[in-house]
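Notes for the one structure printed next.
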Amino acid sequence: MPHAPLVVIGNANVDLTTYLQRAPEVGETVLGHNFSIGMGGKGANQAVAAARAGAHVSFIGRIGEDAFGDMVINALTGEGLELEHLGRVPGPSGVASIYVEDGGANRIAVFTGASGTLTSDSAAKAVESHDGLKILVSQLEIDLHAVEAALATARAKGAQTILNTAPALPVSEGILRNTTWLIANEVEIAAVLAGAGVATPQEVSVDQVTAGIEEWAKALECHVIVTLGDQGAIGHVPGDGTFHFVAEPVTAQDTVGAGDCFVGYFAAHLIEGIPWRNALAGGVLAASDSVTRAGAQSSYPQRSRSEQFRNRALDSV
Ligand code: RIB
């Protein structure tokens with residue numbers, strides 16, 4: 001039986017990344033100047049970030065019976081994750097085709113493959129089996145019924161839940177009802193609010209987040225954090241106020257997976273009992289550090305730096 005108090009459910013991908021001056025237009029072929037094969041997938045990224053931040057993490061997901069599946073198992077085992085509920089199924093593993101342009105802008109196309117086969121029944125059973133569960137983390141890159149079942153099971157066990165609404169999709173009432181912390185970027189929060197019938201522009205600015213977040217948390221009935229790239233993140237907890245944290249400026253090389261780094265660090269800090277404002281600052285600091293290196297998991301601060309990042313988070317508020 002898995003014992004980890006922090007459980008991440010989600011997808012695991014192999015990221016095939018081409019670095020190029022600019023991404024091709026429709027019908028056009030352009031030449032890249034670099035290429036890498038790295039470990040990704042929003043779920044696996046968040047689990048790895050949390051483990052490197054010092055948390056004991058269990059990962060629930062599905063991979064295929066192919067070479068990419070072997071790569072995922074090797075990488076996640078090396079990170080010290082509990083993998084009792086990482087099942088293997090026939091067919092291809094999840095894969096992401098990524099373009100990163102000079103200057104850091106990226107485009108990502110995901111084929112969920114095996115990750116998309118996790119059912120709501122399996123998700124609920126896997127979450128239920130975690131006796132010491134304190135926090136469950138999910139995103140939206142797997143079957144949404146499985147997401148809802150996992151969140152509901154975790155809440156029924158008395159755990160907190162963190163939902164990262166990535167990629168940008170409206171979410172069901174059942175998902176929202178079982179979410180303690182909702183974490184979204186500026187595009188994703190607009191999709192969630194539109195789906196919940198709250199009028200917003202397609203993409204919200206820092207000023208609009210500052211002005212609107214209290215109202216949004218009230219309408220969505222959860223704690224809300226909006227991540228804003230180099231503008232940091234803004235959080236609101238009903239009854240406890242709003243907090244905005246921005247890290248020192250850095251030169252971004254590759255922002256792929258930076259949002260996942262934020263979520264993993266935030267969850268790991270919360271589970272240690274670190275106050276949410278500090279946990280938010282810790283997520284921003286780690287994500288900001290990650291964009292100075294290439295790739296998703298390959299860019300996250302190593303476990304040997306977890307104490308340094310924890311201390312910076314604690315000193316930041
Ligand atoms: O959030 C970044 C991740 O999105 C990449 O690692 C890619 O695999 C996709 O899931």
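We count ligands from 1, going down the list as the structure has it; atoms in each ligand are counted the same way.
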Which atoms of ligand 1 are found less than 4.0 Å from any heavy atom of G40?
6 (O), 8 (O)
How many angstroms lie between atom CD of E173 and atom CZ of R177, to the nearest 0.5 angstrom?
4.5 Å
With atoms numbered from 1 as shown, which atoms in ligand 1 lie under 4.0 angstrom from a non-hydrogen atom of A96?
7 (C), 8 (O)
Here the atoms of ligand 1 under 4.0 Å from any heavy atom belonging to V110 are 9 (C), 10 (O)
Got the closest protein heavy atom to atom 4 (O) of ligand 1, with its distance?
K42 NZ, 3.0 Å
When L86, L118, L83 are each screened for side-chain contact (heavy atoms from CB on, under 4.5 Å) with I60, the one that passes is L118
Ligand 1 atoms nearer than 4.0 angstrom to some heavy atom of N13 are 7 (C), 8 (O), 9 (C), 10 (O)
Any donor-acceptor N/O pair, Y300 side chain to G257 backbone, under 3.5 Å
yes
If you measure every N or O of I98 against every N or O of ligand 1, does any of those distances drop under 3.5 Å?
no
Name the one of V7, L81, L6 that satisfies side-chain contact (heavy atoms from CB on, under 4.5 Å) with F59?
L81
among protein heavy atoms, the one nearest atom 3 (C) of ligand 1 is N45 ND2, 3.7 Å
Any idea which atoms of ligand 1 are less than 4.0 Å away from a heavy-atom of A296?
6 (O)
With heavy-atom distances below 4.0 Å as the criterion, list the atoms of ligand 1 near G41.
5 (C), 6 (O), 7 (C), 8 (O), 10 (O)
Whether H269 and Y265 hold their rings parallel, tilted or perpendicular, with breakpoints at 30° and 60°:
perpendicular
Please state whether the rings of H223 and W181 are parallel, tilted or perpendicular, taking 30° and 60° as the class boundaries.
perpendicular
For atom 10 (O) of ligand 1, closest protein heavy-atom neighbour:
E141 OE1, 2.6 Å
Whether N185 side chain and T227 backbone form a donor-acceptor pair below 3.5 Å:
no
Not counting sequence neighbours, which residues clear salt bridge (Lys or Arg N to Asp or Glu O under 4.0 Å) with R52? List them please.
E79
Do me a favour and list the nearest non-hydrogen protein atom to atom 2 (C) of ligand 1 with residue, atom name and distance?
D260 OD2, 3.3 Å
Taking atom NE2 as the centre, does H145 end up with more than 12 heavy-atom neighbours from other residues, nucleotides or ligands that are less than 6.0 angstrom away?
no
shortest atom 7 (C) of ligand 1-to-protein heavy-atom contact is with D15 OD1, 3.4 Å
Quick check on G259 - does any of its heavy atoms sit under 4.0 Å from an atom of ligand 1?
no
